[in-house]
Amino acid sequence: MNRTSLIMLAASGALASLPAAADADLKALRAEIAQMRQAYEQRINALEKRLAQTEGQAQAAQTTADRAARAPVTASAFNPEISLILQGQYAHRKDIAERHISGFVAGGHAHGGGGRGFSLDHTELVFAASIDPYSRGFVNLAAAPEGGLEVEEAWFQTTGLGRGFNIKGGRFLSGIGYINEKHPHAWDFADQNLMYTALFGEHLIQDGVQVKWLAPTETFLEFGLEAARGQNFPGSKEGGNKNGAGTWATFARIGGDVGASNSWRAGLNYLTARPKDREAHREDTGGVEADTKFTGKSNAWIADFVWKWAPLGNVKEQNFTFSGEVFRRNENGNLACADVPGGAASLCTGGLSDAYRSKQSGFYAQGVYQFMPRWRAGYRYDRLDSGSVSFGANPLAHEDYRPTKHTLMTDYSPSEFSRFRLQFARDKSMLGITDNQMTLQYIHSLGAHGAHRF
Amino acid sequence: MKKLLAVLLSLGALIAAPAHAALNVLACEPEWAALTQELTGGKANVTSATTAMQDPHRIEARPALLAQARRADLVVCSGADLEIGWLPLLQRESGNAKIQPGQPGYFEAAAFVRLIEKPAVLDRALGDIHAAGNPHFFLDPRNLLKVSDALAKRLADIDPPNAAHYVARHKDFSARMQAAIARWEKEAAPLTGVPVVVQHKNWSYLADWLGLKVVADLEPKPGVDPSAAYLGQLLDKLKTQPAKMVLRAAYQSPKASEWIAERAGMKAVMLPYTVGGSGKAQDLFSLFDDTLARLKEAAR
């Protein structure tokens, strides 16, 4: 445009300087200038259009190039997400040779945590990736306290099934209850609550299949069913050795939001296992340890509830979580008892067998409050009831006891990927012993770190 | 147990059966809910997973969101890892095949714009960095035009009977947005070159568009809250290189920005950041109207 007006200016200047010339000349000149102006304008318009086009193309090319640059270029780009959890602790507690919960048989899957002094509490290596458009794979290898790696989880899960269905197969943390699916690094306390310790050792790991269905409703409504080998407590190795499933688990969950600041979830869960020759040490009526083997049914009901609060749903500054679970377990079957191999002679010498029946229950409730960014404090109360246990004619003793534990913790998280925790606990889970425990713990997460569950 | 499974399955078939009348769209953030609203204009049920008062980096895959993801025909998100802490879980656990990555029902706006601030080195020692680049790109409204174009096409793909409707709505929205951008650029002329401090790198695109000069960041590293010592250093820096104002989003705590504003003689400015972040920011147009009004007020 500027050029046109310059030409115009020059031309009009030239015109003005001319003496009064012939009208015809002037007209011709004017026409010529008008023509020139039109031609220039046309050319400039065309140029502007081309410029705009080129700019658009360049931008589009840049966007494509950006996208191309993000696309994988080597085979290694298909490597799975890898993450490593470093977790260790210093623990101060009484030196007790065989830690157990009075009135409950020990068993199940557990990691360290019980040791005193410095220890590598729980180190996990996680691999995860899409297998194809239809499913995803996940492996979690945990460093066992005795050394070596154990496969904590190894499963595939469908992603493309649709209609709210999800199928998981392999070894996985059972979906029952609230805390069972959480790995130790996602716990709010340095150790597992007494309820889960009594029920599963630490958590229930299933080798099997899980089917979940999420209802297409406004309220969150989910149902799940698991069929598994059942080689882990409350099942047993022998119980898993069969065609069909040794353990069935089922759960139903409901949840939602209350305003912008609150969300909740509640669940009801049922687990039924068929242990066979499940071994446990129990004391006879004379106080001598005997070897027992249980064969029968172990059924447990668990109800869980979680409430989370954050002002307007913004968890960054402050938030509070309450969670609690309650269980009732009935076992019914046959108990065989004999001397502990190489141990003292008990009242079971020679081997006895009779009906066994137990009804036990317990709960935990905890609250964790983030009172300022990075800092949280929490309290947990555990209580179990060893309930009624009948051994029939077997000369075995039941410890009638109500184990309790109070736990206080505070933790500091320098970033989303690290956390330091100090915990005090008054543990009265063993009859006649009050163990005041102190734990100092670190949890670090390296590499790709996936999203955490609710 | 087998009976229970049968009951569950038949119940599932029953509830899953009814055909949906309108498209269900779940937007990850309020800005995409507003854009989808503009393009669908009543032909879709649009919900936002987050509000302007929530930090989009820190959302939990809570039950209510899972229920929404389950019923969504389309999920509209920023992408570029902004939602990495919660969206993958929603996609996986929803059992909804339509919204999986790579499906037409998963729309990632970041794929259609140029991202800035791509880190050259990926190391968590550098803070909470986004490998794909800065994901807060909607604050340059010119990016909204590009995303709107792509989103209208996607809506037309998913819901062919209403394709013409979406195209027409997009044309209308583009025309209004283009006019508004021209107006905003004229109005914002006095803001060019104004030195500002930002609380987080979520203002980079807005600053680029308006020509604001970002002289400092309240976070020593992205996503890392400032310590008192760091704020002290920053104060010294601001003495030699003064700024006019410090910007924070509605969802961020005012403490750090007010502390430094008072000592450095700046104004602490709260900007809505996204739709719903202030009483006035009720759609994409009023969002920028209000943002510019607040900036101009502070620059005066």
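Within every chain, numbering begins at 1; the chains are lettered A, B, ... in the order of the sequence lines, protein sequences first and strands thereafter.
If you measure heavy-atom distances from B:R124 to chain A, the contacts under 4.5 Å come from the side chain alone. Neither the backbone nor the side chain of A:S415 comes within less than 4.5 Å of any heavy atom in chain B. The part of A:E317 that comes within reach of chain B is its side chain, from C-beta onward, which places non-hydrogen atoms under 4.5 angstrom from that chain. Heavy-atom distances place the side chain of B:R71, and not its backbone, under 4.5 Å from chain A. Using a 4.5 Å cut-off between heavy atoms, B:L66 contacts chain A through both its backbone and its side chain. When heavy atoms are compared at a cutoff of 4.5 Å, A:F417 approaches chain B solely by way of its side chain, counted from C-beta outward.
Your options are A:Q157, A:R374, A:R265, A:R253, and the one with the most heavy-atom pairs under 4.5 Å with chain B is A:R374. For the set B:G127, B:P88, B:P101, B:A97, the entry with the most heavy-atom pairs within less than 4.5 Å of chain A is B:A97. Across A:G256, A:A252, A:G162, A:G255, the residue that shares the most heavy-atom pairs under 4.5 angstrom with chain B is A:G162. Comparing A:I254, A:T158, A:D257 by how many heavy-atom pairs each has under 4.5 Å with chain B, the most go to A:D257. No other option in A:V306, A:V315, A:N314 has as many heavy-atom pairs under 4.5 Å with chain B as A:N314.
Of all the heavy atoms in B:A61 and A:F454, the pair that sits closest is O-CB, 3.8 Å. When all heavy atoms are compared, the tightest approach of B:R70 to A:A215 is CG-O, 3.6 Å. When all heavy atoms of A:P373 and B:D225 are compared, the pair lying nearest together is CB-OD2, 3.9 Å.
Distance alone, capped at 3.5 Å, places no donor-acceptor pair between the B:Q100 side chain and the A:P133 backbone.
Within 6.0 Å of the CD atom in A:E218, the count of heavy atoms belonging to other residues, nucleotides or ligands does not exceed 12. Shown here is A:K242, whose NZ atom has more than 12 heavy atoms of other residues, nucleotides or ligands within 6.0 Å. No more than 12 heavy atoms of other residues, nucleotides or ligands shown are found within 6.0 angstrom of OH on A:Y134.
Evaluated for a salt bridge (charged side-chain N to carboxylate O under 4.0 Å, His left out) with B:E60, the options A:K316, A:R453, A:K308 yield exactly one hit, A:K308.
Counting only heavy atoms from C-beta outward, the side chains of A:E416 and B:R58 approach each other to under 4.5 Å.
To the nearest 0.5 Å, atoms OG (A:S130) and CZ (B:R92) are separated by 8.5 Å. Between A:E222 atom CD and B:E93 atom CD the span is 6.5 Å, to the nearest 0.5 Å.
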